[in-house]
Amino acid sequence: MARSPITVSGPRSVVHGWEVSTRRSAAALRLSDASPLAKVSVRADADGALADALGVRFRGSRREDGVLVIGSGPGEWLLVGRVGMAPEIAEKVRGQGEGEFATIVDLTHGRALMRLSGRDAARTLAKVCAVDLSDDLTPDGAAFRTSVAKVATDVVRDDAGGGAGESSYLLHCERSSGQYLFDCLLDAGMEFGVEPAGPHLNQDEPAR
Amino acid sequence: MIVIPCPHCSVRNASEFRHVGEAGSRPDPATVTPEQWRAYLYERSNPAGWTTETWFHTVGCRRYITVERHTVTNEIRAARPAGRDGRGGREPAEVLSTRADSGSPDAGGQA
Ligand SMILES: [Zn+2]
């Protein structure tokens, strides 16, 4: 059975071979461990054919066929999809490059992924991250890599994965820093009443 | 505090970067004299004023950038991707080739 780097607490079940929390929270601010989602890294020419096919550049993101395509660096992408979907995603990207040199790696088990959702998500994140999170500079869909609680973290604002009218952020870091980052975000969110919650991993919600 | 306008990522605190040092071009190993090689390795002009230096954005785009900084005021008047334009110090591809985990065909060079 696959395990996330972040400890599962409370009720749990096994989804597609991963042990996940099934805790539900109605709190205004929730933090969930989304590490089981498929994560595929793509590196290629920043302005090549594959970049055009992926349809997004560094600092942007978009959804296509249930996959969140994130421009995580210059010439660097992270594709996030349903649990177990990594081989399918990698295969699709492989067919898009028109023979261009590219590196496609399944990082699912090497990284931690978590989602912070709620009205106070930006205020919580602002306590541990120096990037301006205002709508002008970090609108829905914005992606960037920066220091979050001193951990190099890919941040994506992905409001579609949160509740109605809420902002929501995906945070992606090295597996070994996952538990630490999760705990730091719980600590930062304490004053806003943050609660840990199980991830939504069903078919219709690729990156919730 | 120094704030660096990364050409890839936008404005970031200097704590996200590693200071590499004064930018300069590497002499051709085939023709260089020992004196020139020593100067390339060890001698720095270290001015009290404007200097052109290389920074590495460790916790961001993971690219080398060339920064023009005033060493007295820490004012920064220019920042651009390092490398292929011939003014950016070490060629990123040359540096990255020594790192097994960072081989990217487009390392640096893009505006
Ligand atoms: Zn940068």
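Proteins get letters first, then strands, A, B, ... in listed order; numbering begins at 1 in each. Side chains are part of it too, since the values below use all heavy atoms of this structure and drop only hydrogens, waters and symmetry mates.
Summarising the local packing, CZ of A/Arg119 is surrounded by 12 or fewer heavy atoms from other residues, nucleotides or ligands at distances under 6.0 Å. The number of heavy-atom neighbours closer than 6.0 Å to CZ of A/Arg62, taken from other residues, nucleotides and ligands shown, is above 12.
Neither the backbone nor the side chain of B/Thr58 has a heavy atom closer than 4.5 Å to any heavy atom of chain A.
For a heavy-atom cut-off of 4.5 Å, chain B lies close to A/Phe144, A/Arg145, A/Thr146, A/Ser147 in residues 140-149 of chain A.
For the atom pair NZ (A/Lys150) and CD (B/Glu16), the distance works out to 9.0 Å, reported to the nearest 0.5 Å.
Among residues two or more places apart in sequence or in another chain, the side-chain contact (heavy atoms from CB on, under 4.5 Å) test is passed with A/Ser41 by A/Arg43, A/Leu107.
Two residues are said to be in side-chain contact when any heavy atoms from C-beta on lie closer than 4.5 Å; B/Ser10 and A/Arg59 meet this criterion.
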